[in-house]
Number of protein chains: 2
Amino acid sequence: MPAAERRPLTRERVVTAALRLADRRGLDALSMRRLGAALGVEAMSLYKHVPSKPALLDLLVERVLAEIVLPPPDVTWDRRLRHVAHELRRVSLAHPHVFPLLATRVPASPQALAPLETLLGALADAGLDDGETLRHFWTVIGWATGALLAETAAATGAGAASLSIPADLDAAAFPVFARLGAAIAACDFAEEFGRGLDVLVAAVRAAATKRQARPARGVGARRRRPPA
Amino acid sequence: MPAAERRPLTRERVVTAALRLADRRGLDALSMRRLGAALGVEAMSLYKHVPSKPALLDLLVERVLAEIVLPPPDVTWDRRLRHVAHELRRVSLAHPHVFPLLATRVPASPQALAPLETLLGALADAGLDDGETLRHFWTVIGWATGALLAETAAATGAGAASLSIPADLDAAAFPVFARLGAAIAACDFAEEFGRGLDVLVAAVRAAATKRQARPARGVGARRRRPPA
DNA sequence: ACCTGAACACCGTTCAAGT
DNA sequence: ACCTGAACACCGTTCAAGT
């Protein structure tokens, strides 16, 4: 193993090396000791730049989310929504071993929050009120999380394709399952991601259209704000 | 700590004790040594009943999913869909520390697969073709996974509410985020789960209606007119 | 002031030795 | 045949001692 360059250790270098280690050898291989070795340093030196291992995992999440390229702000809301979703898919597949962390830990830095703001903005611009915006935000985020958890698990070969038909499945007790078995096994993740997005964009459009047909009723419009 | 009963150790007792330990003290506290201690036995004795710790975690997932009560088969498809979703939410909140495992590991036993079969059956009965059934299946599963990951994280106090506004958020750079901050913090998970379900049921209904309005086209078969 | 060796309190798992 | 003590190869983290 060639000694790592003697550049001074920084938080950025630590996170970069951690991401590389996780990408190459999986999350289980990411130990403080191994990470130190990859940087040509003792494990204990890492604690100068990172408070703890959980904190390092949070930094990993922020780093990956920061790789998302935002859409130009002047395109239609549905293109912005699709853009963010596809970018999330892109960076997730670039770091499939890390994805379970993305699904589990919440980012706090502005860079990691920016894609979420873009998504919220797209939904608001679709014509949803605040409550509907939040609701559809959760639906999109939740759907993407679940879909990508399945796809990244398949990519790492770890947890099977998130739904595989056991060989000894009782076809009489599980008729639909048995019928769809082939379709499940042959699932084209890329196409399914696009079609799932179609379903959700259509749902947003339907909600917005319905709202437009209704007499306008803002959130809290009935209540009067107390004077500041 | 009272010595556990001297009943003979079985796989079932091991899984039960593991679930109780994870529920009470969190997943991090579930070590083979501690689990052995809870059963009044040495850690190494567990390996007689369970091949490894990852295998034990899989058994934990199966146990929790088996707690789902299936709907009666004779109710409408949308009630069956809602029933399964609400049951998944119920058992998830009964074991919030275990939920990250549910989102990450795929069940294989018939008992754990039964709720999925019910969900697939409901979608097929809604009038979707095979491809659409699978697509909406993923949408529902993905959405529920994401929503419950957020809710269980909030319940364990672990990862914040999956979306919290940092105190120092730049309101100018994150206008929608800042506007929705209060609504996010006050989110009523139970109501939001129901409304998210409404969105997805409506999406299924729309797809089914659209299909019905289309000239019938079976999977891989051109429509053939029955002789008049 | 920075880095680190040794140490502490743990892990999952193996296996030879006990009963 | 079953159980287990000791051991192996690791963990994350602390801290006093070195430079």
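Order of the sequence lines sets the chain letters (A, B, ...), proteins ahead of strands, with each chain counted from 1.
- The CG-C1' distance, from B/Leu35 to C/dC10, rounds to 16 Å in whole Å.
- For B/His86, there are no side chain to side chain donor-acceptor pair (under 3.5 Å) partners, not counting sequence neighbours.
- Remark: P of D/dT14 and NZ of A/Lys53 are 15 Å apart, rounded to the nearest angstrom.
- Residues forming a side chain to side chain contact (heavy atoms under 4.5 Å, CB included) with A/Arg179 (at least two apart in sequence, or on another chain): A/Val176, B/Ala124, B/Asp130.
- A stem is defined here as three or more consecutive Watson-Crick or G-U pairs, each with both distances under 3.5 Å; for DNA chain D these stems are C:4-8 with D:12-16, C:12-16 with D:4-8.
- The C1' atoms of C/dA7 and D/dC11 are separated by 14 Å, rounded to the nearest whole Å.
- Under the rule for a side chain to side chain contact (heavy atoms under 4.5 Å, CB included), the partners of A/Ala190 that lie at least two apart in sequence or sit in another chain are A/Arg89, A/Asp188.
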Query raised in the report: Tell me, for nucleotides 2-7 of chain D in 5' to 3' order, what letter each nucleotide earns: B for a base near a protein heavy atom under 4.0 Å, S for only sugar-phosphate near one, - for neither?
Result: -BSBBB
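- In this entry the distance linking CG of A/Leu30 with P of D/dC11 reads 10 Å, nearest Å.
- The distance from atom CG of B/Asp28 to atom P of D/dC11 is 17 Å, rounded to the nearest whole Å.
- Between A/Phe189 and A/Glu192, every side-chain heavy-atom pair lies at or beyond the 4.5 Å cut-off.
- Within the structure, a side-chain polar atom (N or O) of A/Arg34 is placed less than 4.0 Å from OP1 or OP2 of D/dC11.
- Taking atom CG of residue A/Leu56 and atom C1' of nucleotide D/dT13, one finds them 14 Å apart after rounding to whole Å.
- Partners of A/Arg63 according to the salt bridge (charged side-chain N to carboxylate O under 4.0 Å, His left out) rule, which considers only residues two or more places apart in sequence or in another chain, do not exist here.
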